[in-house]
Asker: 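Quick one: the structure is below, and I'll ask about it shortly.
Remember, it's a predicted structure, so these values are computed and weren't measured experimentally. Residue numbers count from 1 along this sequence.
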Amino acid sequence: MNLHQFLRILRARWLLILLTLIITVGTTIVVSTLMPKRYTATATVVVDIKGIDQISGIMLPTMPMAGYLATQVDIIRSHNVARKAVDLLKLAENPGAKELFMNETQGRGNIRDFLAELMLKYLEVEPSRESSVINVSYTGNDPRFAAAVTNAFVQAYINTNLELKIAPARQTNAFFNEQIKSLQDNLENAQAKLSAYQRQHGIIATDERLDVENNRLNDLSSQLVQAQAQMFDAQSRQRQVQDFVARGQVPDSLPDVLSNPVIQGLKANLTQLEAKQNELTSKVGKNHPSYQSVVAEIAGVRNQIVSEMKTISSTLGNAASLAQKREDQIRASLAAQRGKVLEMKRVRDDLTVLLREVENSQRAYDGAQGRMTQTKLESQSSQTNVMVINEAVEPLEHSSPKILLNTILSVILGSMLAVGFALLREMSDRIVRSEADLAETLGMPVLGVLGRERRGWRRSRALPAPQGA
């Protein structure tokens, strides 16, 4: 079938086409007029994706806008939000809603869930493609009810968004509230151990006591060195005196001899007697009584010197003995002081461990206390990152049915349906309408056409015979 044949069919079946189109458009207009009018109320909210925590002032982590908005759309369309909207509108207490619930479910199930699912069927949530704006629309028979339901869904979504924000904070706050008691007990136990240890060892200022004891230890060390030096000096001088005494000599160079006035006096007397002896030797001889008297005096002086030297030696021995005893005492005191300092260092190390335990317990308690305070504030927050830009208002015009749009669509659909009926009618009752139809049907060439002029019949027009006919 070519275009010429198609146009001939439409021309021949114009009455059927026109009737079909009129019926289609008329039916559409009548049905659209008789259909109940429905109203759509729309509210607009904006979601702040890049928000700041109002409690800590920290910039919150961001996520892709498309994914975040898709999540918010799913939240708005959730059953939980729908139940909250039902509660806000108090639909479960409405007699009409109760009657509808009984008719539809015969009283089975929960009326709140039934109404929530029913409202979700007529709810539309559309996020913006290039912004963080979300449009929430509800379609119903009553314009006032449609606006109320839309605003209820928006408010329920805001409440749910706030709950999702503060619910983790509440759980965290409850956890820290339980843990804070244990941390406080640990801190008190650590402080009690520290206090008991300080009382047991009499610790007030550990560092100052240790410094005093260290200074005392250093002093004893210095005293020990001095006592050892004095002891060695006394012993050395005693041995020197004893050597001289054993040889019968007078140690003129020894400090103890030089500083002894008795020996110096005896030595001076001895010098005089020896001079007198020398003088008597040249005058009277060795057997003279005077000479013998001088010799006896010299021997007595020498014996006195030896006796005095022994006294000095004994004195030096006593000094060495005293120096030895002093060294032993200082050494014992030094050992005791060293033990005391080591004990104090051990006590200080143990005290350091207890202090560190108290500090760690205090730090853990303070951190938990601060975190609990922060989570408590977060759990009491009433701010969300959702803000209503436009609340839903009662629509003045119905959103459906759209008579003009339905009429245009019925014209298009009716035209297509009319053409289809015309072609179907033509196929069921095939009529030859042109030379092409006859030639196509018989498979033979057309020799002539009888036509009608405007004024009566015209002559037949002979067609040239095909070659070979």
Side-chain angles (χ1 to χ4, degrees), residues 27-47 69-129 132-163 384 386-410:
T27 302
T28 301
I29 295 175
V30 172
V31 172
S32 298
T33 304
L34 296 178
M35 285 180 61
K37 296 180 180 181
R38 300 182 63 82
Y39 299 86
T40 300
T42 302
T44 305
V45 297
V46 61
V47 182
L69 292 182
T71 302
Q72 301 306 308
V73 169
D74 292 337
I75 293 176
I76 297 174
R77 295 189 59 83
S78 64
H79 187 77
N80 184 22
V81 173
R83 283 170 60 98
K84 291 180 180 178
V86 171
D87 295 337
L88 289 174
L89 295 172
K90 298 181 180 180
L91 292 179
E93 303 173 3
N94 187 282
K98 292 181 179 179
E99 182 180 358
L100 178 63
F101 171 70
M102 294 300 297
N103 293 335
E104 294 292 334
T105 63
Q106 286 76 42
R108 296 190 303 269
N110 191 311
I111 186 173
R112 295 172 63 215
D113 296 331
F114 169 76
L115 294 175
E117 293 296 333
L118 184 62
M119 288 195 304
L120 286 175
K121 294 180 181 179
Y122 303 102
L123 181 71
E124 293 184 2
V125 183
E126 184 180 359
S128 177
R129 293 184 178 180
S132 56
V133 174
I134 300 177
N135 295 317
V136 182
S137 303
Y138 183 82
T139 302
N141 297 330
D142 185 2
R144 181 177 301 177
F145 179 75
V149 171
T150 303
N151 291 327
F153 263 96
V154 171
Q155 186 61 42
Y157 162 62
I158 294 176
N159 295 340
T160 303
N161 187 280
L162 181 61
E163 289 181 1
T384 65
V386 180
M387 184 175 64
V388 179
I389 298 179
N390 297 318
E391 291 185 354
V393 295
E394 183 179 347
L396 300 178
E397 297 182 359
H398 59 83
S399 59
S400 66
K402 300 178 180 180
I403 298 178
L404 179 60
L405 178 62
N406 294 343
T407 302
I408 294 174
L409 293 177
S410 66

Asker: Return each pair, listed once, that meets ring-ring contact (aromatic ring centres under 6.0 Å, His included) where at least one residue sits in residues 79-111; pairs must be two or more places apart or across chains.
Answerer: F101-F114

Asker: Under the rule for side-chain hydrogen bond (donor to acceptor under 3.5 Å, both in side chains), what residues qualify as partners of T44, not counting sequence neighbours?
Answerer: N135

Asker: With the side chain counted from C-beta on, respond yes when V46 and V386 share a heavy-atom pair under 4.5 Å apart, and no when they do not.
Answerer: no

Asker: Can you name the side-chain hydrogen bond (donor to acceptor under 3.5 Å, both in side chains) partners of N161, sequence neighbours left out?
Answerer: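 N161: side-chain hydrogen bond (donor to acceptor under 3.5 Å, both in side chains) contacts with Q72.
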
Asker: Can you pull the side-chain hydrogen bond (donor to acceptor under 3.5 Å, both in side chains) pairs that have at least one residue in residues 93-111, sequence neighbours excluded?
Answerer: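 Residue pairs with at least one partner in residues 93-111: there are none.
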
Asker: Show, in sequence, the C-alpha distance, side-chain angles and deciding distance for M387 and I158, and conclude whether the side-chain contact (heavy atoms from CB on, under 4.5 Å) test is met.
Answerer: CA-CA 8 Å; M387 184 175 64; I158 294 176; over 6 Å; no

Asker: Any non-hydrogen side-chain atom of V136 less than 4.5 Å from a side-chain atom of I76?
Answerer: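 SC-SC contact between V136 and I76 confirmed.
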
Asker: For a 4.5 angstrom cut-off between non-hydrogen side-chain atoms, does E126 reach I134?
Answerer: no

Asker: Determine which pairs satisfy salt bridge (Lys or Arg N to Asp or Glu O under 4.0 Å) with at least one residue from residues 76-92, sequence neighbours left out, and list them in order.
Answerer: R83-D113, K84-E163, D87-R112

Asker: Count the heavy atoms of every other residue, nucleotide or ligand shown that sit under 6.0 Å from CD of E394, and state whether that count exceeds 12.
Answerer: yes

Asker: Main chain of A41, side chain of T150: is a donor-acceptor contact present, judged purely on distance under 3.5 Å?
Answerer: yes

Asker: Y157 versus L162: any side-chain heavy-atom pair under 4.5 Å?
Answerer: no

Asker: Which residues pass the side-chain hydrogen bond (donor to acceptor under 3.5 Å, both in side chains) test with T42, not counting sequence neighbours?
Answerer: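 If we apply the side-chain hydrogen bond (donor to acceptor under 3.5 Å, both in side chains) test to T42, skipping adjacent residues, the hits are S137.
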
Asker: Are side-chain heavy atoms of Y39 and N141 found at a separation under 4.5 Å?
Answerer: no

